[in-house]
Amino acid sequence: MDRRSFLKAGAATTLGASLSAGMLPFLKVLPASAATADTLVVVTGTTINSLDLHRTGTNRPSYQVSVNCYDRLLTFGTKTMPDGSLSYDYAKLEGELAESWEIAPDGDSVTFKLKDATFWDGKPVTAADVKWSLDRAVSVGGFPTVQMKAGSLEKPEQFEVVDAKTFRIKFLRKSKLTLPDLAVPVPFIINSTVAKANATEKDPWAMEYLHRTPAGSGAYKVERWDPGQQLVYTRNDAWKGGPLPAAKRIIMREIPSQSTRRALIERGDIHLSHDIPAKDAKELGALKTVKVVGTPIENCLHVLCTNLNFEPFKDKKVRQAVAYAVPYQEIFQNAAYERGAPMWGAKSAEPTDIAWPQPFPYSTDYDKAKELLSQTAFKDGFEVPLSFDLGTAEWGEPTALLIQEGLAKIGIKATIDKIPGANWRTVALVEKKLPLHLDNFGGWLNTPDYYFFWAYVKGNLFNSSNYDDAEMMQLINETLHMPMDDATYAPKIKRMIAKAFDDVPRIPLYQPNLDVAMRPGLDGYEAWFHRMVDVRPLTFKTA
Amino acid sequence: MTLPPKVRLVGRRLLQAAPALAGIIIITFVLTRALPGDPAVYFAGPAADEASIAEIRKQLGLDRSLPVQFVSYLRDLATGNLGTSISTGQPVLTEIVTRLPASLELTLTALLLAIAVAVPLGVLAATRPDSWVDHLCRFVVTAGVSLPTFFTGLALVYLFYYLLGWAPPPMGRLDILFLPPDRVTGFYTIDSLLAGDISAFGSALAHLALPAVTLALFTLAPIARMTRAAMLQVLGSDFIRTARAAGLSRRTVLFGYALRNAMLPVITTLGMVFSFALGANVLVEKVFAWPGIGSYAIEALVVSDYAAVQGFVLAMALLFVALNLLIDVIYTLVDPRLQLEE
Amino acid sequence: MTATADHSAPKAASQRNSFWRHFRYVLASNPVTALAFALFLLIVLAAVLGPALVPYDPLATNGARALQPPSWQHWFGTDHLGRDVFSRVVVATRLDLTISVAAVALSFVAGSVIGSLAGYYGGWTDRIVGRGLDTIMAFPLFVLAMGIVAAAGNTIENVIYATAIINLPFYARMARAEVNVRRNAGFVQAAKLSGNSDLRVLAMHIFPNSLPPMMVQISLNMGWAILNAAGLSFIGLGVRPPTPEWGIMVAEGANFIVSGEWWLALFPGAALMLAVFTFNLLGDGLRDLVDPQRRT
Amino acid sequence: MMNAIPLLDIRDLTVEFATRNGAVTAIERVSFAIGKGETVGVVGESGSGKSVTSYAVMRILDRAGRIAGGSIVFGGIGIDKAPEKVMTELRGREMSMVFQNPRAALNPIRAIGRQIEDVLIEHALAVRATAKKAAIEILRTVKIANPEERYHAYPFELSGGMCQRVVIAIALACRPQLLIADEPTTGLDVTTQKTVMDLMVELTRERGMSSLLITHDLGLAAAYCDRIVVMEKGKVVEQARTDSLFADPTHPYTKRLLRATPRLDSQIRDLLPEPRPAPAILPRGEPLLEIRDMVKEFPARNGSAAFRAVDGISFTVHQGESLGLVGESGCGKSTTSAMVMRLLDPTSGAIRFDGTDIAAIPAGRFARSPERGKLQMVFQDPTDSLNPRWSAFDSIADPMYRLAGMRRAEAREKIESLARLVGLPIDLLDRFPHQLSGGQKARVGIARAIALDPKLLILDEPTAALDVSVQAVVLNLLADLKVELGMSYLFISHDLNVVRLICDRVMVMRQGRIIEEGETESVLRAPADAYTRTLLEAIPHPPGHSTVHARPEPVA
């Protein structure tokens, strides 16, 4: 065996087998780490900027800390998808810190019995901790408070400590969203003793302390955090929230370069690469050495948004014309690499069921588009900037280019405008001043009304179309808290969807996948609505 | 040869740097305020409403007029408070202190590498002007500087990591399973040696290799060019003729006399090259996931992270001032004439 | 002091003639420079005629032919939208050249004026200009360019301005140095005696004589300007898609390297390198051309 | 008369340089020899190949140069083809060299003592431990005061003369048999020149060394050499013992050279190969330029004290007069000329020119003043004073366009007549400076200066950069022009011999002050000031008087 093949063989076999000539000493540690699957390495392309979800400025990738290091009262169950992969189950609520829960007979409150769980410092988890944590979530303002509000959890007065292990939430209104909203990453339970000890007058919620130092009861503790580089989790052996995780240590590594991430998983140097581009998912899926799990993201759509504040799009016919001029198939092929679900070409203009998302009754038909356009004041076409978020350029750019080409065929001249991620929120969502843009909103709580609430109600953040319709508004208000088994629910939802079909302020392109690549020996991966890696169930079996 | 003139010289350089520093502070402030995107919106997070954004804007002091913001910025600066970075949630000062050594280790290694290759190349070319050796040297170094660093980096990663498997994965400064050595200098190669951890040293070195080569390729050309030009000029000067006429050996003439004199302009160039290298660093760090200050700056800029961008630029400016000072000092040590100038 | 210099008897040819002879000599004696001039012609040709010559519309997508490796139909293959990479690479020449020419021209003009004035008048003018340039130079230049484009807005014009600003100190310093050494030259004093005002002396006598070394700088900077624009595109600033531009093509192609579609990044990268390479070599060649010591 | 075996024997030495136009012969079949203890001078104008000869002997020609033929035998060893290793041992050890421009000839960043040590150690005459002592000893031999301290000095800390002593020290450190001195005094002030030459001669004599002195200055060669070899255009045209050469030059070139070299008693016309009547003498008219108490002080900067370059001088130039201003470098003569020229503002004092106080007009605005055209200047270095990108025509025309408001067509005629006046062929007008010879460039400079019929011309060492034969012609031209155009001259020079040829009156300047002033003849004949006397004595003169060409042929 010559040196080269020796190195190659070494590289092929095991974890972290990154052997260069200069790295030979590394061989010494290799066998130990290879024999057990104690340590798992996960890479992402994004940066964690805080260990406290409640803090202002905490970004999305940081939510994983809430998932992995903290417990909530409730969590969602697991279901097996048709392809055999695992996903969370919106329909099945389970206790995480709650042993059991019970809705009061009058339906005005819910009472939780807490498990005999302890925080990392050994102190038992009490109802007081729960109250302090939920109080915090509804009081700190910003995103956590808004998200709590979506579940009708708005005031500290709603939360009541019954005894050390019993906790009650009083409902403001009856809403089907309240209990699921307790299972999202926001209402996580904090060790209030530790937090209070580190709170100050200016900082009553211990934001500065928890920002860097989590204090929870979750399955993993943070061993070290090198911002911008890595987050290292170590297992909490006393975890009560669920079955004890297999891996003792998990390293979350941040690798900005997408091709590096691909190379790493392809060469087997890491265990899991999270949220990989569609193209990689398609290609890696064909390899034997990599397992790719793709799950359509529930309640999420990649859409082309027209902005009704701008002249050409005030006219519904123009919007419909645009919807007919989108080359859906090409986009699905060249931007989504056929990962996800098509959202075009429905046969009927009326929805047949209340499934959401579901295909819209449009397909690529330039003649029809031209005809529609010719019925408007803009029959000679017009010019419009087509914007997308640079942060989503992966699919956004090819999509925008293809749309640009399609629109050109009916005389609409679109100029492409890439907007840096920092800017995007401001101009697209807050100021809502982009005439035509791509959007990828997905609702955490998996009901159509929830999606419509955010995306079709005037003034709400994700309604970047400035869509404003009285009937739609009323339908959303009526259905938002209504139980799904209510008899009037389905017809109202159908009406909502039909209106969305007809008015098309948002033109769906496809439902995206959340694609994850992993070593074939890795099991237990579960897809979540929050699109974070839940590292707790991951196990890796060495050959 | 007394110390005071040199001390004065150093003092004067410091004074000269002061207006530039003031300029930097102002430009940085203006530039960062002009960045698009509203940090308040960013801070407010997804799903925040108008009221909470306004509240956060007030909290950040962004509702006040620019001059007022500038004054409070200056006050913060004076107390060493550079603010908190949005993107990593850390105090900017901490970020810079932890990341700067990474960038410096990479840049300095690359520079040393470049010097080690470029100076001999330059000397070689200068001793045989217009020969094929000269043309070859020129061709090679020009090719090096013509390659966009991001492209070179990607190509090297593809070749040495992905295809050949010789290099470690391009993910930072150490292999995943190693813990960083105790911080003394912040340079992993040095710290690991100080800690006596040979395997960590090997890993640090291996991780350093590709990015350093990428950067070195880019900085080869200016150094080699300057060496060649300076050598040519010195070799043509009178005192070299004197040295030859006095029967000094070729070795002594070339290295003892010519090279030492030729190093003076090269040293000056090094300051410039260092600046270039730090700029190129930004892209190299991005490619190699190197946890340095350059990649930090890109991220900060993209998310309009005022405090981080400001802190980064200020740190850079201070670094350059310090570096130029260092170069001046070296220059003064090497060139006795400097004391009398001006 | 070589004996050849002593022998340079005046020749009766006009300067123009002697220039071309010298030019031919430089090309003949240095094959690398000859290559550079040839490449330069090629690049200019591509920039001028490229869009008319390419086999495909560089913007036309073709989903059915996406990511095809190089073949006879598509010399450089096709990209993820089925666009012809060869056509895009050739057409991009014009934009890249425009950006760098405009940026370099701007910084040359502004830098020369500022630097010449500082070099000629010295004193406070010089000090203020010097400190101003120091300020610019104290930034890592690429980062400054990033900042300017990010702050001023993501347009090609701003890329040009940013590149011009970061190049400015080089010209200003060079012009300053070149003017400064000639400030007290005999012919400058003679020009003053001939009744030329200071500004006129500067513009007509000193500055033209400072041009040759600055021409070299221009050429070297052209390469750098291209790299700079490409670097900005690489991190997503500047050029808008679908406009073909080398940097952005490399950036896009970079993600395809590992998946085996190497042609996406390689060809624009090679074109980029070739252009920068050409300008750098050209700079060296120009240096040979204008260096009076080599002109005997 | 020559020793049986010469120390250095050069036979038919031919050196070629590779250029783009093929090989150019720099020297051709040069033969001469140097006996033991003999001092031989090689004299010639620029381009004569004298330096190339010496480099060939040392084998330190540029890469482009090569010995194409002939032989060089040194101490019985043929060195024209000796390997570099042998040469390295010979150089410094057996034969060494002293160069012009001593400051540049020393490594600027190495202490001078160390530079001497390097040579000693290289030639195994000392080891590290003993080298310092030996170096200091050598510094003492070349009469450097405080050698222990100077050992640590850098070249920039020493004066030009001191540097040349160090160069000599390096050359003589290993007690070689042959010393080649290549224009060793060019660039040094006359007084320094003399001490350096005296030192060199003393040391070589003392040690019984042979030496080869390469110079353009016949006077210098005459003063120090036993024999003189005259070279022209790469060939030896004549060689003879010094006294016989001056007494009886045989080659026409030698004769011309001898004539053109100013002597103590030569008149301006004597310098020309053909006799011409002496120029007319203009009557001294009204005062044209009056300088009163002119001071120029350069302000203190960064620690160095304020410096008075010109310290309250007063003088007058009358119409039709030539006034000489003589002094060594740094005496303030250039600053004076710049102020008179109104290129520089004086700190205080008055400058009255043609009845107006021109000191009142700031230098910056004087360019547009009507007085500008009346006050012109011919510069020291004809190459430096011509814009390299402008043709001769444009250079001469510039003042006409700017000050007289002429158009190109009008100027043409005037320029052609100017060209005729200064003896510049009309067809050269379209050439650029690098296509002109030194003399031609000087003529362009003069034509430009007189283009507007100035009243006062400042001549700032107008011939310092020219060969003697060209200098002779230019000096005569200037003398003629003065009469023809009725100009006054302020002639600035370090060379009293030249000043004497042109000027009616002379001033001697030292450290910013005028220390002596008077009629030229009387000042030169009976200097009142000691410094003037030193200056005069330091100038080497060729033997004999000006009438060489008229003397009957003496017997050899």
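Each chain gets a letter, A, B and so on, in the order the sequences are listed, and its residues count up from 1.
- Of the two parts of Leu402(A), only the side chain, counted from C-beta on, holds a non-hydrogen atom closer than 4.5 Å to a non-hydrogen atom of chain C.
- Proximity to chain A (any heavy atom under 4.5 Å) is shown, for Ala60(C), by both the backbone and the side chain.
- Of the atoms belonging to Leu59(C), it is backbone heavy atoms, and not side-chain ones, that fall under 4.5 Å from chain A.
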What donor-acceptor contacts under 3.5 Å connect chain A and chain C, backbone and side chains included?
from: Gln258(A); atom 1: OE1; to: Asn255(C); atom 2: ND2; distance (Å): 3.2
from: Lys279(A); atom 1: NZ; to: Ser259(C); atom 2: OG; distance (Å): 2.9
from: Lys279(A); atom 1: NZ; to: Glu261(C); atom 2: OE1; distance (Å): 2.6
from: Lys279(A); atom 1: NZ; to: Glu261(C); atom 2: OE2; distance (Å): 3.4
from: Glu405(A); atom 1: OE1; to: Thr61(C); atom 2: OG1; distance (Å): 2.0
from: Glu405(A); atom 1: OE2; to: Thr61(C); atom 2: N; distance (Å): 2.9
from: Glu405(A); atom 1: OE2; to: Thr61(C); atom 2: OG1; distance (Å): 3.3
from: Ile416(A); atom 1: O; to: Arg240(C); atom 2: NH1; distance (Å): 3.3

